[in-house]
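Accompanying notes for the structure given below.
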2 protein chains.
Amino acid sequence: MDYTIQHLQKTSEMLKTLGHPERLCIVTRLARQGSFNVAALQDCMSLPQSTVSTHLQKLRAAGIVEARRQGLEVTYSLKNEQVKQIVELLFQSTEGKKHE
Amino acid sequence: MDYTIQHLQKTSEMLKTLGHPERLCIVTRLARQGSFNVAALQDCMSLPQSTVSTHLQKLRAAGIVEARRQGLEVTYSLKNEQVKQIVELLFQSTEGKKHE
DNA sequence: TCGCAATATTACGATATCGCGATATGAAAG
DNA sequence: CTTTCATATCGCGATATCGTAATATTGCGA
């Protein structure tokens with residue numbers, strides 16, 4: 001286990017970045033669909049382009065997603081497996097505890 | 001999988017709360033040690049009492065920890081298993097591709 | 001070259017979160 | 001009752017993050 005201050009800081013920054021409804025929504029979509037470009041994202045979320053782009057840059061700065069340019073479009077995808085695992089952990093529904 | 005807005009909001013609030021170095025540190029300690037009171041926490045972190053207490057209240061409000069009073073002291077512990085799993089995921093060291 | 005489409009960056013007021021001293025509360029003891 | 005210990009809450013200036021319009025950049029085709 002790695003409890004150094006550096007790792008703690010980097011990790012908390014990642015969590016803070018994930019801790020925003022719109023950004024978390026983006027990440028869950030990426031976890032499901034693999035990847036997409038910014039335009040597709042603007043469609044399903046009704047936010048102005050600059051807002052979406054800014055969120056993506058923050059996710060990128062935190063090491064959560066990565067960008068790949070193909071011509072005019074930029075495709076985003078999850079950068080590391082950890083985030084995917086966390087999302088799966090957080091969003092698996094009540095299966096396994098069938099009360100409620 | 002549960003991608004409702006409510007769950008997304010609650011989850012992102014939890015992640016935001018975890019996304020702070022001191023609070024994440026508290027949570028990793030709880031994951032390792034099980035529980036402790038506020039005084040013990042003030043010792044190992046060099047922060048004023050009010051700061052520590054405020055962090056604990058935020059963790060409590062986000063559903064991450066729970067408090068139990070025993071006389072004068074209050075003992076904190078992790079409230080749900082998910083958080084523990086996330087912490088384990090995040091802090092296993094860099095050669096962590098081995099089996100558990 | 002120019003112009004357009006897709007995306008990124010900048011700028012800035014609004015809002016939220018920060019740390020922490022001061023103060024309040026709650027429980028046990030006297 | 002009062003004191004004292006452990007913890008919680010309040011108040012507030014400092015700092016950070018918010019959303020988004022405006023502007024800049026990048027890549028492609030004409």
Side-chain angles (χ1 to χ4, degrees), chain A residues 5 8-27 29-30 33-79, chain B residues 5 8-27 29-30 33-79:
Chain A
I5 304 152
L8 225 86
Q9 293 224 358
K10 187 164 182 295
T11 304
S12 66
E13 195 196 316
M14 193 195 82
L15 291 170
K16 185 170 61 173
T17 306
L18 279 179
H20 182 290
E22 313 279 14
R23 286 196 292 264
L24 188 56
C25 184
I26 292 174
V27 168
R29 283 172 193 277
L30 283 176
Q33 297 176 213
S35 66
F36 46 62
N37 59 22
V38 184
L41 204 48
Q42 285 172 64
D43 277 352
C44 62
M45 325 187 59
S46 48
L47 294 173
Q49 179 266 328
S50 65
T51 304
V52 173
S53 188
T54 302
H55 283 319
L56 286 169
Q57 297 321 302
K58 284 181 183 167
L59 288 168
R60 198 154 71 100
I64 295 168
V65 306
E66 62 186 353
R68 195 163 34 100
R69 245 218 144 91
Q70 347 185 66
L72 287 181
E73 301 183 353
V74 176
T75 299
Y76 282 87
S77 55
L78 291 188
K79 190 172 183 181
Chain B
I5 304 152
L8 224 84
Q9 293 225 357
K10 187 165 182 292
T11 306
S12 67
E13 196 196 315
M14 193 196 82
L15 291 170
K16 185 170 62 174
T17 306
L18 279 178
H20 182 290
E22 314 280 14
R23 287 196 292 265
L24 187 57
C25 185
I26 292 174
V27 168
R29 283 172 194 276
L30 283 175
Q33 297 176 216
S35 67
F36 45 63
N37 59 23
V38 185
L41 204 48
Q42 285 173 66
D43 278 354
C44 62
M45 326 188 57
S46 49
L47 293 173
Q49 180 266 328
S50 67
T51 303
V52 174
S53 188
T54 301
H55 283 318
L56 285 169
Q57 297 321 304
K58 285 181 181 166
L59 287 168
R60 197 153 72 100
I64 296 168
V65 305
E66 63 187 350
R68 195 163 34 98
R69 244 219 143 88
Q70 344 184 71
L72 288 181
E73 300 183 353
V74 176
T75 299
Y76 282 87
S77 55
L78 290 189
K79 189 172 185 182

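Every heavy atom of this structure was used, including side-chain atoms; hydrogens, water molecules and symmetry mates were not. Here the structure is a predicted model, which is why all the values come from computation and not from measurement. Reminder, nothing fancy here: chain letters follow the sequence lines and each chain counts from 1.
For B/L24 and C/dC18, the CG to C1' distance is 17 Å, given to the nearest whole Å. Computed from coordinates, the B/H55 NE2 to D/dT7 P distance equals 16 Å when rounded to whole Å. Between A/L59 atom CG and D/dC18 atom P there is a gap of 11 Å when expressed in whole angstrom units. Between B/R68 atom CZ and D/dA6 atom P there is a gap of 18 Å when expressed in whole angstrom units. Rounded to an integer number of Å, the gap from CG of A/L47 to P of D/dA21 is 11 Å. Distance, B/L41 CG to D/dA8 C1': 15 Å, rounded to whole Å. One can place CD of A/E73 at 7 Å from P of C/dA6, the figure rounded to the nearest angstrom. Atom P of nucleotide C/dC18 and atom CG of B/L56 are separated by 13 Å, given to the nearest angstrom.
For the pair B/K58 and C/dT17, the criterion of a side-chain N or O lying under 4.0 Å from OP1 or OP2 is not met. A close approach under 4.0 Å does occur between a side-chain nitrogen or oxygen of A/H20 and OP1 or OP2 of D/dG19. Between B/R23 and C/dC18, a side-chain N or O to OP1/OP2 separation shorter than 4.0 Å is present. The shortest distance between the side-chain N/O atoms of A/Y76 and the OP1/OP2 oxygens of C/dA8 is below 4.0 Å. In terms of phosphate contacts, A/K16 brings no side-chain nitrogen or oxygen within less than 4.0 Å of OP1 or OP2 of D/dA16. Note on A/S53: every side-chain N or O is 4.0 Å or more away from OP1 and OP2 of C/dT7.
Between the B/S12 side chain and the B/L8 main chain, a donor and an acceptor come within less than 3.5 Å of each other. A donor-acceptor pair under 3.5 Å is absent between the side-chain atoms of B/R23 and the main chain of B/L59, judged by distance alone. No donor-acceptor distance shorter than 3.5 angstrom exists from the side chain of B/T51 to the backbone of B/L47, with no hydrogens or angles considered.
Checking C/dC20, C/dT7, D/dT20 against every side-chain atom of A/V74, the shortest atom distance belongs to C/dT7.
Annotation for B/E13 and B/A61: closest pair OE2-O, 4.3 Å, computed over non-hydrogen atoms. In plain terms, the two heavy atoms of B/L30 and B/S77 that are nearest each other are CD2-CA, 4.0 Å. Between B/I26 and B/F36, the shortest heavy-atom distance links the atoms O-CZ, 4.2 Å. Heavy-atom minimum distance, B/G19 versus A/L15: CA-CB, 3.8 Å.
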Where protein sits on nucleotides 22-30 of chain C, one letter per nucleotide: B base, S sugar-phosphate only, - none, heavy atoms under 4.0 Å: B---BBS--
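In terms of position along DNA chain D, the nucleotide closest to B/Q57 lies nearer the 5' end than the nucleotide closest to the other residue of the pair A/E22 and B/Q57.
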